[in-house]
Amino acid sequence: MAKSSEVKVVVFGRAGVGKSALVVRLLTNRFIWEYDPTLESTYRHQASIDDEMVSMEILDTAGQEDLLQKEGHMRWGDGFVLVYDITDRSSFEDVAPLRSLVEEVRKPRHVPLVLVGNKADLEHARQVATEEGERLAADMACAFYECSACAGTAGTAGTVAEAFHELCREVRRRRAVQGKSRRRSSTTHVKQAINKMLTKISS
Ligand SMILES: Nc1nc2c(ncn2[C@@H]2O[C@H](COP(=O)(O)OP(=O)(O)OP(=O)(O)O)[C@@H](O)[C@H]2O)c(=O)[nH]1
């Protein structure tokens, strides 16, 4: 494993969608039923993603922050996990405005995002169809996962890590694109300077 990179991840979503439970699932592979509902916390987590060590700093937001706090978190993060609860339609409706705010705060940069529909174990109480999640993710041009932070739901628990890993990949892809365009613009400057010199010499 050659390189290692740092990625700051912010987990956003309405209070009670399961942000803390998802982060705990990622960090410990466990599910904890009750968590302090209002505290905001940061965690460190290392993972090998496609043969690269990635060190994630994860900010689990409180879900009830004011606009100023939200904007501060949006400036801090490299990538964002937008979470809704598949059994709570209004938490799904919160996602689009949240995404617009991130775009606004980070303009003109593209913002790496993943969309997560949590509590997939509660199929009987579902209020948001999988296709609706897929459509929203397509609109936001980001990856989409339905998962459950809840222990014992075979299949969906592993998806939690996959969602965070995919976000790190997207951050990495964006950094590569931005690095290239920075290099291109500095080459353009050198070319312009040489052209200027040549014009002066020949005149
Ligand atoms: N069945 C089920 N319950 C879940 C799941 N994830 C979280 N919960 C429950 O949902 C409630 C809220 O979970 P939290 O992780 O505290 O949610 P949060 O989004 O961090 O909430 P705030 O900190 O208030 O913003 C808790 O009772 C959890 O046990 C899940 O995947 N399935």
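In listed order, ligands and their atoms are each counted from 1. Since this is a predicted model, take the numbers as computed values, not measurements.
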Just which atoms of ligand 1 are under 4.0 Å from any heavy atom in [X]?
X      : answer
Ala62  : 22 (P), 23 (O), 24 (O), 25 (O)
Asp121 : 1 (N), 2 (C), 30 (C), 31 (O), 32 (N)
Lys19  : 15 (O), 17 (O), 18 (P), 19 (O), 20 (O), 21 (O), 22 (P), 25 (O)
Ala21  : 6 (N), 7 (C), 15 (O)

Answer with side chain, backbone, both or neither: which part of Leu122 has a heavy atom less than 4.0 angstrom from an atom of ligand 1?
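The part of Leu122 near ligand 1 is the side chain, not the backbone.
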
Does the N or O separation between [X] and ligand 1 drop below 3.5 Å for any pair?
X     : answer
Gly18 : yes
Gly16 : yes
Ala15 : no
Thr61 : no

With a 4.0 Å cut-off, would you call Glu104 and Arg99 a salt bridge?
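Between Arg99 and Glu104 there is no salt bridge, as every charged N stays at least 4.0 Å from the carboxylate O atoms.
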
Are any of the side-chain nitrogens in Arg169 or Glu52 under 4.0 Å away from the carboxylate oxygens of its partner?
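Glu52 and Arg169: not salt-bridged.
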
Pairs flagged by salt bridge (Lys or Arg N to Asp or Glu O under 4.0 Å) wherever residues 69-92 is involved - sequence neighbours left out
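Output for this query lists Asp78-Arg175, Asp85-Lys119, Arg89-Glu93, Arg89-Glu132.
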
Return yes if some donor-acceptor pair links the side-chain N/O of Lys19 with the main-chain N/O of Phe12 below 3.5 Å, else return no.
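Checking the backbone N and O of Phe12 against the side chain of Lys19, no donor-acceptor pair under 3.5 Å is found.
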
Considering only heavy atoms, which of Ser20, Ser148, Gly117, Ser41 lies nearest to atom 20 (O) of ligand 1?
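Heavy atom nearest to atom 20 (O) of ligand 1 belongs to Ser20.
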
Among Glu65, Arg25, Lys119, whose heavy atom sits nearest atom 8 (N) of ligand 1?
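Heavy atom nearest to atom 8 (N) of ligand 1 belongs to Lys119.
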
Test side-chain hydrogen bond (donor to acceptor under 3.5 Å, both in side chains) on Ser20 and Asp60; report intermediate values, then the result.
CA-CA 6 Å; Ser20 305; Asp60 172 15; 2.7 Å; yes

Please walk me through it: do Lys8 and Glu57 pass salt bridge (Lys or Arg N to Asp or Glu O under 4.0 Å)?
CA-CA 5 Å; Lys8 290 188 212 140; Glu57 199 173 339; over 6 Å; no

Run the salt bridge (Lys or Arg N to Asp or Glu O under 4.0 Å) test on Asp94 and Arg14 for me, step by step, so that the C-alpha distance in whole Å, both residues' side-chain angles and the decisive distance to 0.1 Å come before the verdict.
CA-CA 7 Å; Asp94 278 359; Arg14 168 181 282 236; 2.7 Å; yes

I'd like to know whether Val9 forms a side-chain contact (heavy atoms from CB on, under 4.5 Å) with Val171, so could you lay out the CA-CA distance, the side-chain angles of the two residues, the decisive distance to 0.1 Å, and finally the verdict.
CA-CA 10 Å; Val9 175; Val171 169; over 6 Å; no

